[in-house]
Amino acid sequence: MADPKGFLNHGREIAKTRPVEERVKDWNEVYQPGSLLPIISKQASRCMDCGIPFCHNGCPLGNLIPEWNDYAYREDWTEASERLHATNNFPEFTGRLCPAPCEAACVLGINQQPVTIKNVEVSIIDKAWDAGDVTPQAPERLSGKTVAVIGSGPAGLAAAQQLTRAGHTVAVYERADRIGGLLRYGIPEFKMEKRHINRRIEQMRAEGTKFRTEVEIGRDIDAAKLRRRYDAVVIAAGATTSRDLPVPGRELNGVHYAMEYLPLANKVQEGDLTVSPITAEGKHVVVIGGGDTGADCVGTAHRQGALSVTQLEIMPKPGEERNPGQPWPTFPMLYKVTSAHEEGGERVYSVSTTHFEGDEDGNVQWLHLVEVEFKDGKLEQKPGTERKIPAQLVTLAMGFTGTDQENGLVEQFGLELDARGNVARDADFATNVPGVYVAGDAGRGQSLIVWAIAEGRSAARGVDRFLTGASALPAPIKPTDRALTV
């Protein structure tokens with residue numbers, strides 16, 4: 001193990017962020033470059049090398065966390081990278097974007113602050129890239145089998161990389177103009193600079209994976225024709241149908257889904273646009289939804305020069321410590337202050353939007369809300385609490401309801417859906433259509449990046465076995481597996 005007394009001798013230290021007044025003027029990642037390496041060995045030494053490492057169960061990838069913590073403590077970055085990549089195709093993505101259920105399950109977290117697992121992870125992979133330890137892993141021989149992967153988010157990319165390395169010829173189809181899915185256009189640059197995606201794509205190209213952008217299966221190519229062209233298909237199209245808010249005034253100009261707003265800001269950073277057509281500059285902004293996507297909207301609005309930013313959440317404000325109903329090692333619902341929240345704005349809990357009010361030109365100007373409370377297990381409005389707040393830009397960040405069914409993909413394949421509207425699959429991630437598999441949010445529903453990568457890896461094993469009769473690829477999860485909850 002690492003330092004046997006590390007958890008006794010060292011407290012938790014996390015990556016330092018750049019000053020707020022500096023970072024809101026640019027779109028670079030919020031963390032101070034190089035701030036982790038001086039402290040990361042001590043932080044890795046806090047890992048207790050538990051007899052039963054619950055962090056393995058907290059992470060659906062089954063990351064070998066105590067092992068790479070030990071290597072990081074000893075500053076053996078090459079071996080640390082090897083152990084990290086043994087279970088995770090893209091640790092630079094998860095190390096920046098995952099909410100870290102592994103840390104919630106850390107045994108040290110029973111009575112202390114848990115190990116900074118995410119920070120150790122991102123330090124290892126950044127060091128590996130700098131040292132040239134991340135290289136293409138082309139297959140030794142080709143199988144002669146072909147696979148189409150629909151969608152280039154984390155699930156699709158993980159499945160594609162695994163299947164390419166297994167020797168199959170893989171083509172990834174993406175309806176956007178660049179590869180990456182929500183990683184590319186849903187995650188703001190200040191949370192993850194897109195150079196991290198770009199160099200992974202180049203690695204995958206060198207391994208043999210093919211990429212086809214601006215091709216939407218169901219519209220540009222008939223899904224049934226695609227199935228006949230390839231030996232197998234993996235659907236990793238995500239759960240991209242945004243949850244709407246059907247209240248009076250929803251049709252007003254200035255009320256947008258978060259996924260209408262965020263991609264345009266990213267396109268400005270890609271150089272496609274000079275100014276976003278939907279901008280917060282000089283406006284009072286209201287974000288409806290208290291999750292990570294809502295926080296992304298908050299941070300984006302700050303950088304665009306919003307007059308004010310208010311984030312609304314229908315649920316009560318979470319506590320700052322675990323409540324008895326969410327004991328260790330489950331993932332607790334805690335009050336979380338992201339980097340975007342550090343930059344300003346107001347957060348309002350236990351409120352519901354009743355309607356929007358616009359001007360004579362049809363532009364939203366006000367948002368009317370009311371306080372709510374739980375009574376007998378139901379949310380009810382509190383009389384006399386109605387009020388309105390200024391809103392010239394409203395973003396709806398209330399999550400997603402399922403995969404896109406309007407583009408024809410589900411119908412053309414003839415896919416069966418489960419009770420929640422997701423694509424149904426069996427224990428091997430296979431759909432009801434022979435040779436067609438599903439991975440990620442399209443089959444699981446809206447979830448975390450670690451679950452998406454784990455599903456991509458697991459679906460790849462099912463496809464490999466379908467094509468060859470057997471598979472040595474790892475399958476970290478089953479379709480029925482769920483996060484640690486009570």
Side-chain angles (χ1 to χ4, degrees), residues 1-17 30-31 35-74 80 83-84 87-88 91-126 191 291-292 295 318-339 341-342 448-451 453-454 476 482-486:
M1 65 182 294
D3 182 356
K5 296 183 179 180
F7 69 97
L8 297 174
N9 295 333
H10 307 294
R12 177 181 168 102
E13 291 184 78
I14 60 174
K16 292 182 173 61
T17 55
V30 301
Y31 296 103
S35 66
L36 275 176
L37 280 180
I39 65 171
I40 210 62
S41 179
K42 288 182 179 179
Q43 291 306 300
S45 78
R46 299 181 70 237
C47 179
M48 302 169 69
D49 195 21
C50 316
I52 301 177
F54 277 81
C55 54
H56 287 191
N57 299 86
C59 177
L61 285 166
N63 283 335
L64 306 173
I65 296 166
E67 295 183 34
W68 41 258
N69 272 329
D70 184 30
Y71 285 122
Y73 165 67
R74 303 176 193 282
R83 290 286 78 194
L84 190 55
T87 56
N88 188 351
E92 65 270 40
F93 301 166
T94 53
R96 287 173 167 84
L97 304 177
C98 180
C102 54
E103 293 188 15
C106 174
V107 172
L108 185 59
I110 294 175
N111 59 6
Q112 294 188 39
Q113 288 294 307
V115 176
T116 56
I117 297 171
K118 268 184 64 174
N119 281 182
V120 176
E121 178 182 25
V122 81
S123 298
I124 293 170
I125 185 56
D126 285 354
K191 283 183 67 175
D292 289 338
E320 297 187 9
E321 297 182 357
R322 286 183 184 269
N323 68 52
Q326 297 172 335
W328 176 90
T330 63
F331 189 77
M333 296 297 294
L334 300 176
Y335 179 70
K336 183 169 65 173
V337 179
T338 70
S339 64
H341 297 129
E342 293 173 348
L448 305 179
I449 184 172
V450 279
W451 284 97
I453 296 174
R482 292 293 181 266
L484 282 172
T485 58
V486 290

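This chain uses plain numbering: 1 for the first residue, then up along the sequence. Hydrogens, waters and symmetry mates play no part in the numbers below; they use all other heavy atoms, side chains included. Values in this document were obtained by computation on a predicted structure and should not be read as measured data.
A donor-acceptor contact shorter than 3.5 Å is absent between the side chain of Glu92 and the backbone of Ile125. Although no hydrogens or angles enter the test, the distance criterion places a donor-acceptor pair under 3.5 Å between the side chain of Trp328 and the main chain of Cys106. When atom types are taken as modelled, the side chain of Asp70 and the backbone of Pro66 share no donor-acceptor pair closer than 3.5 angstrom. Remark: side-chain polar atoms of Lys191 are not paired, donor with acceptor, to backbone N or O of Leu97 under 3.5 angstrom. No donor-acceptor pair closer than 3.5 Å links the side chain of His10 to the backbone N or O of Phe7. Distance alone, capped at 3.5 Å, is enough to place a donor-acceptor pair between the Asn119 side chain and the Ala15 backbone. With hydrogens and angles ignored, the 3.5 Å screen pairs a side-chain donor or acceptor of Asp3 with a backbone N or O of Lys5.
Between Ala483 and Trp451, the shortest heavy-atom distance links the atoms N-CZ2, 3.4 Å. Of all heavy-atom pairs between Tyr73 and Ser45, the closest is CD1-CB, 3.4 Å. The heavy-atom pair separating Phe331 from Ala104 by the smallest distance is CD1-CB, 3.8 Å. Closest approach of Gln326 to Arg322, counting heavy atoms only: O-NH1, 3.0 Å. Heavy-atom minimum distance, Gly95 versus Val122: O-CB, 4.0 Å. The nearest pair of heavy atoms linking Ala105 to Gly58 is CB-CA, 4.0 Å.
Tyr31 has its side chain out of reach of Ile14: every pair of non-hydrogen atoms, C-beta onward, lies at least 4.5 Å apart. Contact of the Glu321 side chain with the Asn323 side chain is not registered, since no non-hydrogen atoms from C-beta on lie closer than 4.5 Å. Proximity of Arg12 to Pro114: side-chain heavy atoms (C-beta onward) are separated by under 4.5 Å at one or more points. The side-chain heavy atoms of Cys59 and Pro476, taken from C-beta on, include no pair separated by under 4.5 Å. Ile65 has its side chain out of reach of Pro53: every pair of non-hydrogen atoms, C-beta onward, lies at least 4.5 Å apart. Using a 4.5 Å cut-off on side-chain heavy atoms (C-beta onward), Cys98 and Phe93 make no contact.
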Steps toward side chain to side chain donor-acceptor pair (under 3.5 Å) verdict (Glu121, Thr94)
CA-CA 8 Å; Glu121 178 182 25; Thr94 53; 2.8 Å; yes
Begin with the C-alpha distance, continue with both residues' side-chain angles, and end with the deciding distance and a verdict on side chain to side chain contact (heavy atoms under 4.5 Å, CB included) for Thr87 and His56.
CA-CA 11 Å; Thr87 56; His56 287 191; over 6 Å; no
Under the side chain to side chain contact (heavy atoms under 4.5 Å, CB included) rule, what do Cys55 and Asn63 come out as? Steps first, then yes or no, please.
CA-CA 8 Å; Cys55 54; Asn63 283 335; over 6 Å; no
Start with the C-alpha gap between Thr338 and Lys336, add the side-chain angles, then the distance that decides, and say whether side chain to side chain contact (heavy atoms under 4.5 Å, CB included) holds.
CA-CA 6 Å; Thr338 70; Lys336 183 169 65 173; 4.2 Å; yes
Step by step, work out the side chain to side chain contact (heavy atoms under 4.5 Å, CB included) result for Leu334 and Glu320.
CA-CA 5 Å; Leu334 300 176; Glu320 297 187 9; over 6 Å; no
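Counted by atom type alone, Asn69 and Gln43 present zero donor-acceptor pairs between their side chains at under 3.5 Å.
To the nearest 0.5 Å, atoms NZ (Lys16) and CG (Leu36) are separated by 8.5 Å. The structure places CG of Asp126 at 8.5 Å from CG of Leu37, a figure rounded to the nearest 0.5 Å. Expressed to the nearest 0.5 Å, how far CG of Leu61 lies from CG of Asn88 amounts to 5.0 Å.
Partners of Glu67 according to the side-chain hydrogen bond (donor to acceptor under 3.5 Å, both in side chains) rule, which considers only residues two or more places apart in sequence or in another chain, are Arg83.
A salt bridge does not link Arg46 with Glu13: none of the charged nitrogens is closer than 4.0 Å to a carboxylate oxygen.
Within a 6.0 Å radius of CD1 in Ile52, no more than 12 heavy atoms belonging to other residues, nucleotides or ligands are found.
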